[in-house]
2 protein chains.
Amino acid sequence: MSGRDASIETIQRELTAFARRARHKASQLHPELSLVSYSMLDLMNERGGCRAADLAAHFMLDKSTVSRQVGALEKLGVIVREVDPDDHRGQILRPSEAGLKLLNEAYQMRRQSFLERFTDWDDEDLAGFARYLVRYGEAD
Amino acid sequence: MSGRDASIETIQRELTAFARRARHKASQLHPELSLVSYSMLDLMNERGGCRAADLAAHFMLDKSTVSRQVGALEKLGVIVREVDPDDHRGQILRPSEAGLKLLNEAYQMRRQSFLERFTDWDDEDLAGFARYLVRYGEAD
DNA sequence: CAGTAATGTTGTGCTCTGCAACCAGCACCC
DNA sequence: GGGTGCTGGTTGCAGAGCACAACATTACTG
């Protein structure tokens, strides 16, 4: 097998292994906010408000799923909805004050866990790993 | 924010994004075999037969979950069970002939998808990415 | 032998998810 | 203006995946 094949096989195995465990670890890390909820909240925050359709497209989820997740987030009081003034079909979704607080807490906890994991990586390796992941993710 | 912090944030975001989409892509790639089922079958194969308790430990799943998954795999005819002769409490689980065939097909399909994704990566980048992933995964 | 631990199975209930049907705005075109 | 079709969201329904708890069976230990 060529070195190229071996590399691809390794990447395949490692990413699969990661996927297997991601949900489990995420739920341990911040039990009150699922991986998907956290990600949705994060995207709303990053974009300064977005629509349910944007979330569905970005996460490749059915709009019904997004609708329910958003409903749950609203019930929890971590987001606010407002009708889009430019298009009354849609809604603009934003994190509430409580949502921003929760998001920040979850982010700190996640970040702490990553920091611990990367203590023995030097800056160059970290930057390299990040570059590869971004490059990989861009093909999604 | 330091470059180190930025790298960690990027890695965090990208790995989270990956986890979000992994299940979805896996189900598209081989609809008849879920990510978890595939992984279980793979582990049985790699270890030359294993017990349900091993699967539960490895995937950090409840034994009841494993029991049902294994039941489904058996019903599909992709594994065979036999009572462990050394310990009649346990069972040895192995892929059947059909299971090996399915495993190989799923593997080929996954590999094809990875090959396509990496067409524009040179060998060095591929090897580097693989190295980082392994190093990351070892801390699991 | 009695007590404890390990292996699986089953009952129950929850969350996440997709599909299909539906309603409400918007856009276009005759 | 009135049809036709598209887009954004909600709801009913069904299935998968998961954990917890209770249980039966087998093994180990004092």
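Order of the sequence lines sets the chain letters (A, B, ...), proteins ahead of strands, with each chain counted from 1. Just so we're clear, the structure is a prediction, and the values are computed from it rather than from any experiment.
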Visitor: Atom CH2 in A/Trp121, atom CG in A/Leu115: separation rounded to 0.5 Å?
Guide: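 Here the rounded value is 13.5 Å.
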
Visitor: For D/dA16 and B/Gln69 - does any side-chain N or O of the residue sit under 4.0 Å from the phosphate oxygens OP1/OP2?
Guide: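 No, because none of the side-chain N or O atoms of B/Gln69 sits under 4.0 Å from OP1 or OP2 of D/dA16.
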
Visitor: Once you round it to whole Å, what is the distance between P of C/dG11 and NZ of B/Lys63?
Guide: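 Value for this atom pair: 16 Å.
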
Visitor: Would the distance check show the side chain of A/Asp125 and the main-chain N or O of A/Asp122 forming a donor-acceptor pair, the cut-off being under 3.5 Å?
Guide: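 No; zero donor-acceptor contacts below 3.5 Å.
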
Visitor: From the options D/dT11, D/dT25, C/dG8, select the nucleotide whose nearest atom is closest to the side chain of A/Ser67.
Guide: D/dT11

Visitor: May I ask you to say what A/Arg68 touches in the nucleic acid, namely base, sugar-phosphate or nothing, with a heavy-atom cut-off under 4.0 Å?
Guide: base

Visitor: Separation of A/His58 atom NE2 from D/dG8 atom P, in whole Å?
Guide: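 Distance, rounded to whole Å: 16 Å.
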
Visitor: D/dC20 base to B/Ser64 side chain: any donor-acceptor pair below 3.5 Å?
Guide: yes

Visitor: Atom CG of B/Asp84 to atom C1' of C/dA6: distance rounded to whole Å?
Guide: 13 Å

Visitor: Select base, sugar-phosphate, or nothing to describe what B/Val70 touches, counting heavy atoms under 4.0 Å on all strands.
Guide: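 It contacts nothing in the nucleic acid.
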
Visitor: Between CG of A/Asp42 and OG of A/Ser37, what distance do you get to the nearest 0.5 Å?
Guide: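 Between atom CG of A/Asp42 and atom OG of A/Ser37 there are 12.0 Å.
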
Visitor: Quick check: on DNA chain C, is the nucleotide nearest B/Gly90 upstream (toward 5') of the one nearest A/Asp86, or the reverse? Name the residue that is more 5'.
Guide: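 In this pair, the answer is B/Gly90.
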
Visitor: Give the rounded distance in Å between these two atoms: OH of B/Tyr38 and P of D/dG17.
Guide: 16 Å

Visitor: Counting only side-chain heavy atoms from C-beta out, which of C/dG25, C/dT7, C/dT17 sits nearest to B/Ala53?
Guide: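 Out of C/dG25, C/dT7, C/dT17, the nucleotide with an atom closest to B/Ala53's side chain is C/dT7.
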
Visitor: How close or far is atom P of C/dA6 from atom CD of B/Gln91, stated in whole angstroms?
Guide: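 Distance, rounded to whole Å: 18 Å.
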
Visitor: Rounded to the nearest Å, what distance is computed from the CG atom of residue A/Leu93 to the C1' atom of nucleotide D/dT10?
Guide: 14 Å

Visitor: To the nearest 0.5 Å, what is the distance between CZ on A/Arg89 and CZ on A/Arg51?
Guide: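 Here the rounded value is 7.0 Å.
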
Visitor: By the 4.0 Å heavy-atom rule, please label A/Asp87 as base, sugar-phosphate, or nothing.
Guide: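 Sugar-phosphate contact only.
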
Visitor: Reckon A/Arg81 has a side-chain N or O less than 4.0 Å from the OP1 or OP2 of D/dT10?
Guide: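 The answer is yes; a side-chain N or O of A/Arg81 sits under 4.0 Å from OP1 or OP2.
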
Visitor: For a quick test of reading the model: is some side-chain N or O of B/Thr65 closer than 4.0 Å to OP1 or OP2 of D/dC18?
Guide: no

Visitor: Rounding to an integer number of Å, can you tell me how far B/Asp62 CG sits from C/dT7 C1'?
Guide: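 Rounded to whole Å, this separation is 13 Å.
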
Visitor: Considering only side-chain heavy atoms of B/Leu61, which listed nucleotide, D/dA19, C/dC26, D/dG9, is closest?
Guide: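 Given the options D/dA19, C/dC26, D/dG9, the side chain of B/Leu61 is closest to D/dA19.
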
Visitor: Do other residues, nucleotides or ligands put more than 12 heavy atoms under 6.0 Å from A/Glu82 CD?
Guide: yes

Visitor: Closest to the A/Arg51 side chain: C/dC26, C/dA6, D/dG9?
Guide: D/dG9

Visitor: C/dT15 C1' sits how many Å from A/Met40 CE, rounded?
Guide: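 A/Met40 atom CE is separated from C/dT15 atom C1' by 13 Å.
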
Visitor: Where do B/Leu93 and B/Leu73 land on the side-chain contact (heavy atoms from CB on, under 4.5 Å) test, with the steps shown first?
Guide: CA-CA 10 Å; B/Leu93 309 170; B/Leu73 287 175; over 6 Å; no

Visitor: Taking the minimum atom-to-atom distance to the side chain of B/Arg89, which one of C/dA24, D/dG17, D/dT26 wins?
Guide: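 When the side chain of B/Arg89 is considered, D/dT26 is the closest of C/dA24, D/dG17, D/dT26.
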
